[in-house]
Amino acid sequence: MRKLFVDLKERAYPLYIGCEIVKNFKNYFKENCSDTTKIVLFVSNTVSKLYKQVIDESIPYDLKIIISDGESAKSLEYANTIYTQLIQNNIDRKSLIVAFGGGVVGDLAGFVAATFLRGVSLVQIPSTLLAQVDSSVGGKVAVNHALGKNLIGAFHQPKFVILDINLLKTLPKRELVSGLGEVIKYGIIWDEAFFEFIDRHFQDIQMLETNTLTSIVEKSCNIKCAVVSQDEFDQSLRPILNFGHTIGHALEASLKYSGLRHGEAILLGMKTVSSISYKLGKLNAENFDRICKLINKNEIHTKNLELDIEDVIARTKVDKKILSGKVRFILPGKIGEVFVTSDVPTEILCEALSELKKENFKQ
Ligand code: NAD
Ligand code: GLY
């Protein structure tokens with residue numbers, strides 16, 4: 001078992017990484033949250049069935065809340081029904097919410113933990129690759145608004161995170177690809193050698209090879225820890241973690257949150273902003289080509305989807321990174337380095353999206 005730290009002074013916490021380590025939950029719990037009164041387990045419908053035995057044997061709880069699968073659970077209405085259950089079950093301020101599932105469960109459980117009784121403790125046990133490398137680490141929790149994704153949220157760091165690589169063995173292929181979107185993101189924004197590692201081990205990742213999965217989860221979390229430790233509240237460096245997300249979120253919203261998995265949208269968003277950067281002369285042809293080749297290795301389910309470019313552009317204007325009315329894009333300068341700019345002419349954005357439509361979407 002490996003242990004990383006998110007170094008946030010009084011809010012610092014460990015990430016435990018290894019195989020079949022959910023069974024150590026009680027030890028980690030004793031180490032990090034011994035003064036808890038009650039445990040409330042939030043678990044996705046699918047995960048509760050797949051991992052019934054793991055839960056029964058390893059995660060003691062006083063109340064279990066089953067979260068329906070899909071992005072629609074990340075809403076204020078859904079959260080409100082959960083507040084009611086927590087109140088009816090006398091959940092107090094020293095209770096602990098444990099989120100066991102993908103990013104939807106983690107974000108929703110985290111949002112409830114941040115807001116119920118002005119905040120109760122949270123533990124994350126992410127069970128998708130995307131949640132292990134991104135959403136469970138760093139404390140961003142949120143629900144969606146009809147007008148945009150993750151617009152209602154908070155920063156609420158967990159007490160600890162269990163990254164059990166074995167949980168990934170039951171992931172459907174499409175969810176693996178979705179998680180890889182965020183993994184590739186780390187290579188492009190931070191570390192060219194990691195980008196190459198992912199490219200070289202692409203087949204091993206598809207085969208769910210344990211050592212390779214462990215390496216990519218650990219490396220991704222290392223990068224995320226480094227960024228979040230420097231800028232917990234998204235004021236300076238952290239926005240680079242949103243590379244590909246302005247367009248990715250706009251694609252998801254335009255397709256009504258049902259056409260694309262989150263990481264698929266991020267893969268397409270990263271391809272589009274890389275194309276913008278290339279067109280602006282900020283990314284060279286060789287780097288642009290390598291980025292596109294790695295992204296295109298992933299099967300993204302778009303061939304039957306229609307893309308409304310004007311709608312996507314309109315939706316980029318409802319982004320959390322907007323400052324003084326200007327959309328801020330994160331663009332790659334080269335593999336391993338990105339920069340932030342508001343200076344993207346609409347014609348270039350339009351051109352890049354038209355190319356994306358031609359290559360990936362229904363004609
Ligand atoms: P998800 O939570 O919808 O999970 C995908 C599907 O996989 C679900 O049906 C789930 O039940 C199933 N599943 C989960 N674990 C499984 C397992 N081990 N085996 C088999 N099936 C399993 O999707 P996701 O991709 O994990 O998360 C997407 C969400 O994360 C989005 O809402 C996105 O906005 C959010 N997100 C948040 C952050 C953040 O910093 N908070 C970062 C990135 C993404
Ligand atoms: N997923 C983006 C962030 O955590 O900042």
Side-chain angles (χ1 to χ4, degrees), residues 6 22 42-51 54 66-75 99-111 114 122 124-144 148-158 161 163-183 185-186 189 208 213 220-221 223-225 227-246 248-249 252-253 257-258 260-267 269 320-321 330:
V6 187
V22 176
F42 285 51
V43 59
S44 93
N45 199 17
T46 306
V47 172
S48 82
K49 288 180 194 146
L50 280 173
Y51 293 99
V54 172
I66 304 282
I67 310 296
S68 55
D69 279 315
E71 196 68 31
S72 59
K74 273 178 60 174
S75 71
F100 187 15
V104 164
V105 172
D107 277 12
L108 172 71
F111 179 78
L122 172 70
Q124 295 268 12
I125 311 177
S127 61
T128 62
L129 178 61
L130 182 137
Q132 293 199 352
V133 299
D134 193 357
S135 61
S136 65
V137 178
K140 277 192 183 174
V141 297
V143 293
N144 301 324
K149 210 166 139 63
N150 296 335
L151 294 182
I152 319 294
F155 292 93
H156 191 66
Q157 302 294 344
V161 182
L163 301 163
D164 188 332
I165 304 301
N166 220 44
L167 298 173
L168 305 180
K169 299 284 158 91
T170 52
L171 264 193
K173 176 80 192 300
R174 196 167 176 189
E175 299 305 335
L176 179 79
V177 168
S178 180
L180 256 186
E182 302 283 6
V183 174
K185 172 187 83 178
Y186 291 114
I189 65 168
L208 301 172
L213 287 180
S220 300
C221 288
I223 297 172
K224 180 136 193 189
C225 290
V227 174
V228 170
S229 304
Q230 285 181 58
D231 175 26
E232 182 180 3
F233 297 113
D234 233 356
Q235 297 300 306
S236 51
L237 180 67
R238 188 163 177 170
I240 68 169
L241 295 175
N242 268 321
F243 175 60
H245 284 57
T246 302
H249 283 163
E252 281 184 272
Y257 297 113
S258 60
L260 288 172
R261 302 296 306 128
H262 176 70
E264 289 179 316
I266 299 316
L267 283 163
K320 290 186 299 302
K321 291 184 297 308
I330 321 292

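Remember, it's 1-based here, ligands and their atoms both numbered in the order they're listed. Throughout, numbering of the chain's residues begins at 1 and tracks the sequence.
- Contacts between Lys224 and ligand 2 below 4.0 angstrom, taking non-hydrogen atoms only, involve the side chain exclusively.
- Counting heavy atoms under 4.0 Å from ligand 1, residue Asn144 does not touch it at all.
- At under 3.5 Å, a nitrogen or oxygen of Val104, whether backbone or side chain, sits near a nitrogen or oxygen of ligand 1.
- Using a non-hydrogen distance threshold of 4.0 Å, His249 does not register as a contact of ligand 1.
- Neither the backbone nor the side chain of Val141 has a heavy atom within less than 4.0 Å of ligand 1.
- Counting heavy atoms closer than 4.0 Å to ligand 2, residue Asp234 contributes nothing at all.
- The residue among Lys185, His262, Arg174, Lys149 with a heavy atom at the shortest distance from atom 34 (O) of ligand 1 is Lys149.
- Residue contacts with ligand 1, taken as heavy atom pairs separated by less than 4.0 Å, involve Leu130 solely via side-chain atoms from C-beta onward.
- Protein non-hydrogen atoms do not reach within 4.0 Å of atom 12 (C) of ligand 1.
- Closest to atom 24 (P) of ligand 1 among all protein heavy atoms lies Gly103 N, 3.5 Å.
- Residue Asp69 touches ligand 1 through its side chain alone, judged by heavy-atom distances below 4.0 Å.
- When heavy-atom distances to ligand 1 are checked against a 4.0 Å cut-off, Glu175 comes that close only through its side chain, counted from C-beta outward.
- Residue contacts with ligand 1: Lys169 is excluded, as none of its non-hydrogen atoms falls under 4.0 Å.
- None of Glu175, Glu71, Glu182 except one satisfies the side chain to side chain donor-acceptor pair (under 3.5 Å) rule with His262; the exception is Glu182.
- Scanning the protein for heavy atoms near atom 1 (P) of ligand 1, the closest one is Arg261 NH2, 3.6 Å.
- Remark: distances from the non-hydrogen atoms of Pro172 to ligand 1 include one below 4.0 Å.
- Atoms of ligand 2 lying under 4.0 Å from at least one heavy atom of Lys140, given by number and element, are 2 (C), 3 (C), 4 (O), 5 (O).
- Under the 3.5 Å distance criterion, with hydrogens and angles disregarded, a donor-acceptor pair is assigned to the side chains of Tyr51 and Thr170.
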